[in-house]
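Predicted model, so just to flag it, every value in this text is computed and none were measured. Just so you know, these numbers use all the heavy atoms, side chains as well, and skip hydrogens, waters and symmetry mates.
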Amino acid sequence: MIQVMREEKKFLINIAEFRQKSHLLEQMLLQDKNNGTHGYRVRSLYFDTPYDRDFFEKRAGIELRRKVRLRIYNPEQNFAMLEMKQKQGEQQLKRSLKISREDAVRIIKGDLSPLLSYPEPF
């Protein structure tokens with residue numbers, strides 16, 4: 001399991017600012033190894049409680065909240081990342097667990113038992 005403490009900053013910018021900042025960043029940073037000619041498509045499936053607690057906490061601006069998602073970066077991958085992001089003020093803890101594609105499909109269908117086979121305390 002990978003655990004990262006981070007701080008996210010999001011800004012609304014116009015298309016001209018996007019082009020300028022993208023050009024500057026391309027000169028300073030290495031591209032992600034999964035990036036293709038036109039980037040890569042992330043696919044995420046978010047999970048919530050039966051009464052949508054996570055959604056309503058986000059909407060209400062609750063300081064301590066979380067979200068759980070299943071994510072793939074390439075449709076041909078044989079694995080997915082099960083991730084939990086927990087927000088606490090400016091800081092955010094992100095935990096990621098690499099799971100098999102088969103287990104991801106079972107989880108999507110509502111069978112959470114595959115998670116018991118992973119030793120990580122996700």
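Looking at E26, its side chain never comes within 3.5 Å of a backbone N or O of H23 through a donor-acceptor pair.
Atom CG in N78 sits 11.0 Å away from atom CD in E76 (nearest 0.5 Å). Between the CG atom in L70 and the CE atom in M81 there is a gap of 10.0 Å [rounded to 0.5 Å]. In this structure, Q20 CD and I13 CD1 are separated by 9.0 Å, a value rounded to the nearest 0.5 Å. Atom CD1 of residue I108 and atom CZ of residue F47 lie 6.0 Å apart, to the nearest 0.5 angstrom. If you take CD1 on I62 and CD on E57, they are separated by 6.0 Å, rounding to the nearest 0.5 Å. Within the model, atoms CZ of R106 and NZ of K109 stand 10.0 Å from one another, a figure rounded to the nearest 0.5 Å.
Classification of D54 and R66 as a salt-bridged pair holds, one side-chain N sitting under 4.0 Å from a carboxylate O. Classification of E83 and K85 as a salt-bridged pair fails, no side-chain N sitting under 4.0 Å from a carboxylate O.
Between Y46 and R71, the closest heavy-atom pair is OH-NH2, 4.0 Å.
Partners of E7 according to the side chain to side chain contact (heavy atoms under 4.5 Å, CB included) rule, which considers only residues two or more places apart in sequence or in another chain, are K9, E90, Q91. Shown here are the salt bridge (Lys or Arg N to Asp or Glu O under 4.0 Å) partners of R59, two or more places apart in sequence or in another chain: there are none.
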*When you look at D103 and L115, which way does the side chain to side chain contact (heavy atoms under 4.5 Å, CB included) test go after all the steps?*
CA-CA 8 Å; D103 288 347; L115 295 176; over 6 Å; no
*Report the C-alpha separation of L82 and Y118 in whole Å, then their side-chain angles, then the decisive distance to 0.1 Å, and conclude whether the side chain to side chain contact (heavy atoms under 4.5 Å, CB included) test is met.*
CA-CA 12 Å; L82 182 62; Y118 293 88; over 6 Å; no
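For Q31, the CD atom is loosely surrounded, since the number of other residues' heavy atoms within 6.0 Å does not exceed 12. Heavy atoms from other residues, nucleotides or ligands lying under 6.0 Å from NZ of K58 number 12 at most. For L25, the CG atom sits in a packed shell: over 12 heavy atoms of surrounding residues, nucleotides or ligands are nearer than 6.0 Å. Atom CZ of R53 has more than 12 neighbouring heavy atoms from other residues, nucleotides or ligands inside a 6.0 Å radius.
Using a 4.5 Å cut-off between side-chain heavy atoms of Ile, Leu, Val, Met, Phe, Trp and Tyr, L93 falls into a hydrophobic cluster with M5.
No side-chain donor from either of R95 and Q3 sits under 3.5 Å from a side-chain acceptor of the other.
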